[in-house]
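Heavy-atom basis, side chains included; hydrogens, waters and symmetry copies ignored.
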Amino acid sequence: MSGKTLATPIHGNYHGYYNKRPSTDDPRLALLPNTLFQGRRVLDIGCNEGWVTCEVAQRLGATRVVGVDIDDSLIRLAWKHRRSVWSQQGPQTDGGVSDAELGSHDDSDALEGSRKRRRLSHAVTKTNPPPWQGTPDYFPASCEHMFGPLPVPHAPVQKGVADTFPHNLSFRTADWVNTEIPDDAEGYHVVLAFSVSKWIHLNSGDEGLVEFFRRVHQTLLPGGTFVLEPQGWDTYGKARRMDPKLKENAKTLRLRPDDFSHILHEIGFGPAEHLGAVGEGGFRRPVDLYIKSS
């Protein structure tokens, strides 16, 4: 199932999802601490077409970002979106690693020292990318429409460059709730679960949801952060009518979204930090942050 297009979005795998939500500067990310992603390994579960995943990888300083979704057609669109975002990124800034540095392997200590000085003097923000990365949205989207997307170059071996967009981002088709992926072996500093808890709950029941929370805890590094955007119980009614299986599973559910913080605490997370709610209409949902105990 994970390798095919899913006609009915029973996993929340909506196509055109970002036609209804902001396509850039996602307000949910704005609720999070400014430095949450800097220098971190990040997993985005249920990444859909990869819009949030790309934003984290390009603009927020993460060194490695993995997006996973059960729908292979969405993952193909995510790879396409990565190339589109790359095509609109500007050329390397003046403070970047020069071509001479990229080609030199003899003076590695001096090169590493220059990188460290740049990192110390350069705070990465949405509008201030790493010095060896071009400015996001430098070229208008019309350039790609007129001339086609730019090819993504091979990832360089230099760590400072290899850990920036687009080389720091990849996507995988997988039912992550039930299947490990190779990237899990190194663990993550941050796991994102935006608007997926309802679909996991309806498809896998109470036990499946708790197992999902356990998986997140296991793959997070000590002190890691779990970002959860739970859908309200009142939204389950419409979702369960999408498929007979969901309708039957819903009858057995005893857990409610209000129970999630207690369950996560029992698994080994600290108390929930409620960051607020953003979005319009039915997309207005809370965003909660949980820290794995060290």
Side-chain angles (χ1 to χ4, degrees), residues 2 28-29 31-48 50 52-70 75 78-79 82 115 119 124 130 155-197 200 204 207-230 260-261 263-273 275 287-294:
S2 63
R28 295 170 295 184
L29 295 177
L31 291 175
L32 303 177
N34 290 334
T35 59
L36 178 63
F37 300 106
Q38 289 188 20
R40 304 301 188 187
R41 287 177 54 84
V42 181
L43 174 66
D44 183 13
I45 301 170
C47 67
N48 198 270
V52 166
T53 330
C54 282
E55 187 169 343
V56 171
Q58 184 191 39
R59 299 168 179 252
L60 299 179
T63 55
R64 176 66 176 159
V65 185
V66 180
V68 62
D69 201 283
I70 198 170
I75 289 297
W79 281 111
R82 171 180 177 260
R115 288 201 191 100
R119 286 197 291 267
V124 176
V157 296
Q158 288 78 11
K159 183 175 177 60
V161 183
D163 289 348
T164 55
F165 187 82
H167 310 296
N168 63 341
L169 173 61
S170 63
F171 295 98
R172 291 187 181 274
T173 303
D175 178 6
W176 192 85
V177 178
N178 300 300
T179 308
E180 293 185 3
I181 60 175
D183 307 87
D184 294 345
E186 291 187 47
Y188 307 97
H189 299 97
V190 182
V191 172
L192 300 176
F194 286 142
S195 296
V196 297
S197 59
I200 295 170
S204 303
E207 292 183 0
L209 181 67
V210 174
E211 180 58 29
F212 166 65
F213 289 154
R214 289 199 184 101
R215 282 262 289 133
V216 171
H217 186 267
Q218 290 168 0
T219 56
L220 273 173
L221 297 168
T225 302
F226 179 36
V227 180
L228 177 66
E229 181 194 25
F260 292 175
S261 59
I263 296 167
L264 289 164
H265 181 69
E266 288 187 331
I267 290 172
F269 287 97
E273 181 179 348
L275 303 179
V287 175
D288 300 329
L289 187 150
Y290 298 87
I291 305 296
K292 176 178 178 178
S293 301
S294 299

If I take atom [atom1] from residue [X] and atom [atom2] from residue [Y], how far apart are they, to the nearest 0.5 angstrom?
X: T53; Y: I45; atom1: OG1; atom2: CD1; value: 11.0 Å
X: Y290; Y: L264; atom1: OH; atom2: CG; value: 5.0 Å
X: I70; Y: D175; atom1: CD1; atom2: CG; value: 4.0 Å

*Return yes when atom CD of E266 has more than 12 non-hydrogen atoms of other residues, nucleotides or ligands closer than 6.0 Å, and no otherwise.*
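Buried by this count: over 12 neighbours within 6.0 Å.
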
Are [X] and [Y] side-chain neighbours, meaning at least one heavy-atom pair lies under 4.5 Å?
X: T219; Y: E180; answer: no
X: W79; Y: S170; answer: yes
X: I75; Y: C47; answer: yes
X: L228; Y: S197; answer: yes
X: S261; Y: F269; answer: no
X: R28; Y: V52; answer: yes
X: F260; Y: L209; answer: yes
X: V216; Y: W176; answer: yes

_Working for side chain to side chain contact (heavy atoms under 4.5 Å, CB included), residues T225 and L32_ = CA-CA 11 Å; T225 302; L32 303 177; over 6 Å; no

*Take R40 and L36 through the side chain to side chain contact (heavy atoms under 4.5 Å, CB included) test and state the conclusion after the steps.*
CA-CA 8 Å; R40 304 301 188 187; L36 178 63; over 6 Å; no

Any donor-acceptor N/O pair, [X] side chain to [Y] backbone, under 3.5 Å:
X: R214; Y: I267; value: no
X: R82; Y: P166; value: yes
X: S293; Y: G268; value: yes
X: H265; Y: P271; value: no

*Just do the side chain to side chain contact (heavy atoms under 4.5 Å, CB included) check on F226 and K292 with the steps written out, would you?*
CA-CA 8 Å; F226 179 36; K292 176 178 178 178; over 6 Å; no

_Apply side chain to side chain contact (heavy atoms under 4.5 Å, CB included) to residues D184 and R215 and explain how you reach the verdict._
CA-CA 10 Å; D184 294 345; R215 282 262 289 133; 3.7 Å; yes

